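Just so you know, these numbers use all the heavy atoms, side chains as well, and skip hydrogens, waters and symmetry mates. Remember, predicted model here, so these are calculated numbers, not experimental data.
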Amino acid sequence: MILQKSRFPFIAKQEYIKPGTIRVQEHETGNLFPYFSKLKLKNITRKMYQDALNELKYQDYSNSTREGINITGRMIFRNALKLELKKGS
């Protein structure tokens with residue numbers, strides 16, 4: 001699975017998600033998109049992910065924005081592990 005700007009397959013499988021939550025998650029995923037758009041999810045390492053978050057800090061994103069991006073990113077990786085799209089570590 002290549003990281004895409006559109007919704008991830010596991011988001012649609014949840015029972016109910018408020019439209020505002022989906023909008024925010026898509027926006028926050030869009031902030032990670034430039035860093036990982038050409039990579040398969042299984043090839044993204046912890047270091048690459050941390051470097052992307054650090055780069056967002058240098059681009060003067062607020063703490064709350066970076067925190068939201070990180071929460072969404074963790075959700076993506078956690079669900080990828082559940083669906084076995086990415087192996088642990």
Please table the atom pairs, donor to acceptor, closer than 3.5 Å between any side-chain atom in residues 68-75 and protein atoms at least two apart or in another chain.
from, atom 1, to, atom 2, distance (Å)
Asn70, OD1, Tyr49, OH, 2.7
Thr72, OG1, Glu28, OE1, 2.5
Thr72, OG1, Gly68, O, 3.1

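- In this structure, Ile44 and Phe77 have side chains that are in contact, with non-hydrogen atoms separated by less than 4.5 Å.
- Taking both residues in full, the closest heavy atoms of Gly30 and Pro34 are given as O-CD, 3.2 Å, listed atom of the first, atom of the second, then distance.
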*For Asn31 and Tyr61, what are the C-alpha separation, side-chain angles and deciding distance, and is it a side chain to side chain contact (heavy atoms under 4.5 Å, CB included)?*
CA-CA 10 Å; Asn31 287 313; Tyr61 281 86; 3.3 Å; yes

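- In this structure, the side-chain hydrogen bond (donor to acceptor under 3.5 Å, both in side chains) partners of Gln50, at least two apart in sequence or on a different chain, are Asn54.
- Atom CD1 of Ile76 is separated from atom CG of Leu81 by 12.0 Å, given to the nearest 0.5 angstrom.
- Residues in residues 50-71 take part in these salt bridge (charged side-chain N to carboxylate O under 4.0 Å, His left out) pairs, two or more places apart or across chains: Lys47-Asp51.
- Taking the side chain to side chain contact (heavy atoms under 4.5 Å, CB included) definition, one finds that Ser64 meets it with Ser62, sequence neighbours left out.
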